[in-house]
Structures are given as structure tokens and as C-alpha cells.
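Computed from heavy atoms alone, side chains included, the values below leave out hydrogens, waters and symmetry copies. These numbers were taken from a predicted model, which means no experiment stands behind them.
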Amino acid sequence: MGTLLKCYKPLFSIRFSSFPNSLRSVQLRTHSFNNPKRRNPFRRCFSSLSPSSQPLINGTTLDKMDGNQQPGSPSSELWLHNTMSKKKELFMPKVEGKVGMYVCGVTAYDLSHIGHARVYVTFDVLYRYLKHLGYEVCYVRNFTDVDDKIIARAKELAEDPISLSRRYCDEFIQDMVHLQCLPPSVEPRVSDHMPHIIDMIKQIVDNGYAYRVEGDVFFSVENFPEYGQLSGRKLEDNRAGERVAVDSRKRNPADFALWKSAKEGEPFWESPWGPGRPGWHIECSAMSAAYLGYSFDIHGGGMDLVFPHHENEIAQSCAACKQSNVSYWIHNGFVTVDSEKMSKSLGNFFTIREVMDLYHPLALRLFLMGTHYRSPINYSDVLLESASERIFYIYQTLHDCENVLSQHDKGLQESIPPETLNVINKFHNDFSTSMSDDLHTPVVLAALSDPLKTINDLLHTRKGKKQAMRIESVAALEKIIRNVLSVLGLMPTSYSEALQQLREMALKRAKLTEDKILQKIEERSEARKNKDYEKSDAIRKDLADVGIALMDSPDGTSWRPAIPLPLQEQQVAAT
């Protein structure tokens, strides 16, 4: 295995080769990932769009609303909040048309919780939007598979640490598939990059920024005057680190480990300082350099990584190579429970699997996108129920479109009425303006209301059914909504399949079967025939209490998932 070159040129000549990568290709299919195989850690970094793809949305013409922006020709400005400058900045990549992005991945020792889901949904949205704008993106997201927490958990389970970590890496990949997060260009693991890590530590030591104590190597923060530039912390305020106790052998309590000497029963690798393993922070400096070079565009992660992890990464990378530079540091806010950060260490977390056992993965994704990525989001049943109800409404509307359009697949005119075009143009402008303003997904999700309402009016109201070019309007509205949902990662495999899954999960939460609901509907119909309205209302309310809404129409009574009535009342009381 080769070592890093001086100043950490990329491990490969980064080739942004094109391959078909439609934003609709990642679908909610679980069977193909029942036994996910480990990816080659040294995969060439390429993730551009198909050269035959078209601009996603055109505000004035409807014949170019499919596909994505041509690679290498970004279509609009993008402003991102940079943690380093503490302000929004116009995004300007180092290489025109190309973006290098590194996001810190999970430490794989347990199932991931929804705090992790928020991180990777956030950066999946950024990844998708960059591609939509026409950038060719090399997205690197690592796995930490060598760490104190992994070793401790492996001891508890009497399992090999690397095997345990590999198992949880595979579990994480499954979670990301369910959440429709596109796979990164490269997913490197610490255990595969020891030569690169050791080589970087050697350069840091040679440059005078680290010192050896017995078999350990520590970074000397006092030798790096810029330490604290990301977090704004003063050196005297810094703590030693989050994953280890203070070591009295350090010259400064804030010094952190680059290399840890081997301990009995732990995995180790040979190094110039003796057998051991890397500290937590050095891995990301080495792996980002290996795949993106010492200077790249975006480095991201959760807000909890600003200090010490990302602060230490900056120090390490600059100590190894003075030209090291990341243009934009991007961090998402916490998921909180009762205003406290959700984390494994605090024991107040819900795993992605636990949530997806009761809620559709795309309802969870919608919930996470319903708050701006930099703001904290409080985990609650009412917000998840609200997201579930909302996504059911979206898919039901589009499913109704699909059914109508399937009967009119020929003979449609190319033009649409001015009022429909106005709705489309407004939605397009809201989408472009909001997403380009630091990824304001909540505004985009709210903007869906007008085109969805217009579709329902056209399909279901007397006035709408009489409108000229009604089917053409429905087709155009469905198309732009579908394509925006694709950019947001919210397109299901099929509307009907997603609706059925949403119904099944609502039944599970209500602890009812569909047969039981149909029986209740029959009892209610009989009560109405007998003018026993008290009983009829009681049946409706009992079902509403558990999240089942009844809908009466000339064709009979049907049901749909809804926010349980007590939670609705709680929501009203809170506002």
C-alpha cells in the first residue's frame, strides 16, 4: 500500500467520470441490501451526473423539466453558512464545476440513532443539490472502525473489534438506503488506511508539531498558534478531548493523541513509535487528504464536531502541510429530547431502526428536513405524526394524478393555461431561492402546498373539472413536484407502495387491523342509517384518537392515517 505524497496530493488522480446516476435511482428497496458487501476502500472518486441529463426545472418551458443540470455548468448561485467565518458565503469551488466534500462518518459500534440520521440526511440534501446545480461532486464519508468505544463494546460482547465494527458499518449502510441517502463516492475505513495515517503523523512530528512520550505521540497545541480558529475557543479554555481522560504526561492538557501505544487485548499496527493505533482525530485528516488532497471545498459534520474533532483536524492537516485549506466548514444542529442533545452517551436516543419500526423512512426524512439544518430539532411523536400525515397527503395527491394521467397518455397539448404556469413558476422560484439560501428545505416543503392544492382542485372539485386543458395542467404540476421531490430525496419507489406502507404503519401505531377498521366503518354506516348520530360520532372519535381519520364521500367511507386527536390537541395547546 502506497503512502501519502508530500503535502498530501490525492491518493488518486480524482476523475469525475460520468455514469448514469438519476436522482430517482435510490429507492426504498430493502431486499438488495440484506447482505451488503463491503465496498472497495480504494474506489476511484467519481460521482458526476450522466452527460445526457437535462436541466431539472425550467421556469418558463415544460419540455426540460426532467433530469439534472449538465455537469460542469453550475446553474445558479449557492450561499452556505461557513462555521469558520460565522456567516453565509457565496459558494465558489476551488476547481470550476467540481466539488470535493468530506463528511465525518459514524463510529461503528452500535446501531445509529436519529441524530446520526440528521447529519447524513443534511449532507445528502447538499450532495443532491450540488449535483442538481450541475457540479461534479466527489463525496467522501468515512467509517471509524478503530476506536476506544469499539474496543470497549467488543470486549463486552467477546467479539473481535474489527468484525464488530464491520457488522455495524453494514447496518448503517442499510439505514442510509432506507432513508434514501445516495451512497458517497468513497467510504474509506480507518483500518484500511494505516500507512496513510502513519505517514501523516511522521510529517507532523518532523515539522515540529508533535512529540513522543514512550510509545504514544501527542500533538502540541502550543506549537500551533492558530489553534481555536474554528471554534473560537482560547487555548486556556480548551479541554484535553472528549474520548479520553487527561494524561499527566502531556505538556499541555489540551494536547491530543495522534498515536496510542498498544494495550493488551487491543488491535494494533506497527509504526515507527512501536505497535499501537491512531488517535481519533488523525484518521479524518489522513483520509480526506488521501482522496481529496490537502485543499478541498467542503468539510461537514454535526455541530458537536466543531470542537475538538474539527479543530484538531485543522491543526493536524496544517501541521503536516502548510497549504492545507478547507473553504467551507458546514455543521448541522442537534436533534434534542426535552431540549437536551440526543446522544448514546446520555442514553436519551432512539435508533433509526426503532423509529422506522413505527414510521415510514421517508416520513422520518421529511421530519428531519422540516427544520433548517443548522437549527436544533426536538424529537417528538407529534412532529413525526405530522410528517407522516403530510407525506401521505403528498403521495396520495400524486397517486391520484398518476391514475388520471394513465388514462390520457396521448393527445396532450404542449401548452398550459397561464394560471397553472404561474403556480409552477412561483414554486420553481421558491425552490431555487430557498435551496440556494443555505438549503432552506422547510420553505421548499411549505411551498409544495400551492401546487398540491391546485392539483386536488383540478381533480376533485366541480370548478376544477371544468377548466380548459385540465389534464395538461395536472401533468405539468405533477412533473415539477416529482422532480423537486427527487432533488430532496423524497421520491418513493411508487406512490401506491408508499401509501400502503404508510397505512400499515398507521395501523401498527393504532394497534388495529384493517379488518377491524372496516368493521367499525360498517357499524358507523349502520348507526347513521338508524339516525344514531351519537354512536356514529363516537366511532369516528375513537378512531381519530388513535390516528385513523374517516372520510365520507358519495362513493362511501374510506380511511387514512392522521395525527391522533390527543396529539392534535396537544399541538394546539402548545401554540
Determine the minimum heavy-atom distance between L488 and V125, stating which atoms define it.
O-CG2, 4.4 Å

Does a donor on one side chain and an acceptor on the other come within less than 3.5 Å for D438 and Y373?
yes

Backbone of G333 reached by a side-chain donor or acceptor of R118 within 3.5 Å
yes

Between S386 and V382 (side chain of the first, backbone of the second, donor and acceptor by atom type, cut-off under 3.5 Å), is there such a pair?
no

What distance do D537 atom CG and D532 atom CG have between them, rounded to the nearest 0.5 Å?
9.5 Å

To the closest 0.5 Å, what do you measure between CZ (R189) and CZ (R166)?
7.0 Å

Under a 4.5 Å cut-off applied to non-hydrogen side-chain atoms, are I352 and L111 in contact?
no

Could you tell me the separation between the CG atom of D450 and the CD1 atom of I481, rounded to the nearest 0.5 Å?
10.0 Å

Does atom NZ of K86 have more than 12 heavy-atom neighbours, drawn from other residues, nucleotides or ligands, at distances under 6.0 Å?
yes

Would you say T433 and V443 make side-chain contact, with heavy atoms under 4.5 Å?
no

Flag side-chain contact, heavy atom, 4.5 Å: L358 against L384
no

Between M551 and S558, is the side chain to side chain contact (heavy atoms under 4.5 Å, CB included) condition met? List the steps.
CA-CA 5 Å; M551 298 171 292; S558 59; 3.5 Å; yes

Can the ring centroids of H360 and Y395 be said to lie less than 6.0 angstrom from one another?
no

Any side-chain heavy atom of I455 sitting closer than 4.5 Å to one from K453?
no

With rounding to the nearest 0.5 Å, note down the distance linking OG1 in T122 to CG in L439.
8.5 Å

Does a side-chain N-to-carboxylate-O contact under 4.0 Å join K149 and D110?
no

Look at the side chain of E354 and the backbone N and O of T351, then say whether any donor-acceptor pair between them is shorter than 3.5 Å.
yes

Does a side-chain N-to-carboxylate-O contact under 4.0 Å join D542 and K520?
no

Salt bridge check: are R509 and E385 linked by an N-O gap of less than 4.0 Å?
yes

Heavy-atom side-chain contact between E514 and W559 under 4.5 Å
yes

CD-NE2 distance between E89 and H81, expressed to the nearest 0.5 angstrom
9.0 Å

So CG of L499 and CD1 of I391: to nearest 0.5 Å the spacing works out to 10.0 Å

Applying side chain to side chain contact (heavy atoms under 4.5 Å, CB included), run through E472 and H408 and close with a yes or a no.
CA-CA 9 Å; E472 285 81 357; H408 300 82; over 6 Å; no

Shortest non-hydrogen separation from R128 to Q180 and the atoms involved
NH2-O, 2.8 Å

Going through the distances and angles, do D400 and Y495 end up as a side-chain hydrogen bond (donor to acceptor under 3.5 Å, both in side chains)?
CA-CA 9 Å; D400 292 345; Y495 301 134; over 6 Å; no

Can you tell if the side chain of N142 reaches within under 4.5 Å of the side chain of C104, non-hydrogen atoms only?
yes

If you compare all heavy atoms of D145 against all heavy atoms of S165, which two are closest, and at what distance to 0.1 Å?
CB-OG, 2.9 Å

Ring-face cation of R141 near F123 (centre distance under 6.0 Å, axis angle within 45°)
no

Given S473, which partner from the list T420, D457, T454 fulfils the side-chain hydrogen bond (donor to acceptor under 3.5 Å, both in side chains) test?
T420

I'd like to check F392 versus R503 (side-chain heavy atoms, cut-off strictly below 4.5 Å). Are they in contact?
yes

Of all heavy-atom pairs linking Y359 and M505, the shortest is C-SD, 3.1 Å

My understanding is that only one of Y127, F91, Y129 makes a ring-ring contact (aromatic ring centres under 6.0 Å, His included) with Y135; could you say which?
F91

Shortest non-hydrogen contact from L368 to I114?
CD2-O, 4.3 Å

Would you check if the side chain of S434 reaches a backbone N or O of H440 as a donor-acceptor pair within less than 3.5 Å?
no

Hey, mind stepping through L507 and K516 against side chain to side chain contact (heavy atoms under 4.5 Å, CB included) and telling me if it holds?
CA-CA 10 Å; L507 290 172; K516 185 67 175 177; over 6 Å; no

Main-chain N/O of H178 paired to R365 side chain as donor or acceptor, under 3.5 Å
no

Does I521 offer a backbone N or O that forms a donor-acceptor pair with the side chain of S525 under 3.5 Å?
yes

Spell out, as yes or no, whether a donor-acceptor pair under 3.5 Å connects the side chain of D430 to the backbone of V444.
no

Ring-plane angle category for Y379 and F350, please: parallel below 30°, perpendicular beyond 60°, tilted otherwise.
parallel

When the ring centroid of F172 is compared with that of Y120, is the distance short of 6.0 Å?
yes

Compare all side-chain heavy atoms of L78 with those of L130 and state whether any distance is below 4.5 angstrom.
yes

Got a donor-acceptor contact below 3.5 angstrom from the R353 side chain to the E171 backbone?
yes

Among T83, L126, N82, V103, exactly one meets side chain to side chain contact (heavy atoms under 4.5 Å, CB included) together with I330. Which residue is that?
L126

Tell me if a side-chain donor or acceptor on R540 pairs with a main-chain N or O of L550 at a distance below 3.5 Å.
yes

Could you check whether S449 and R390, counting side-chain N and O atoms only, form a donor-acceptor pair closer than 3.5 Å?
yes

What do the steps show when you test Q174 against D170 for side chain to side chain contact (heavy atoms under 4.5 Å, CB included), and what is the final call?
CA-CA 6 Å; Q174 287 193 44; D170 292 343; 5.5 Å; no

Closest approach of A447 to F427 (non-hydrogen atoms, all atoms of both residues):
O-CD1, 3.5 Å

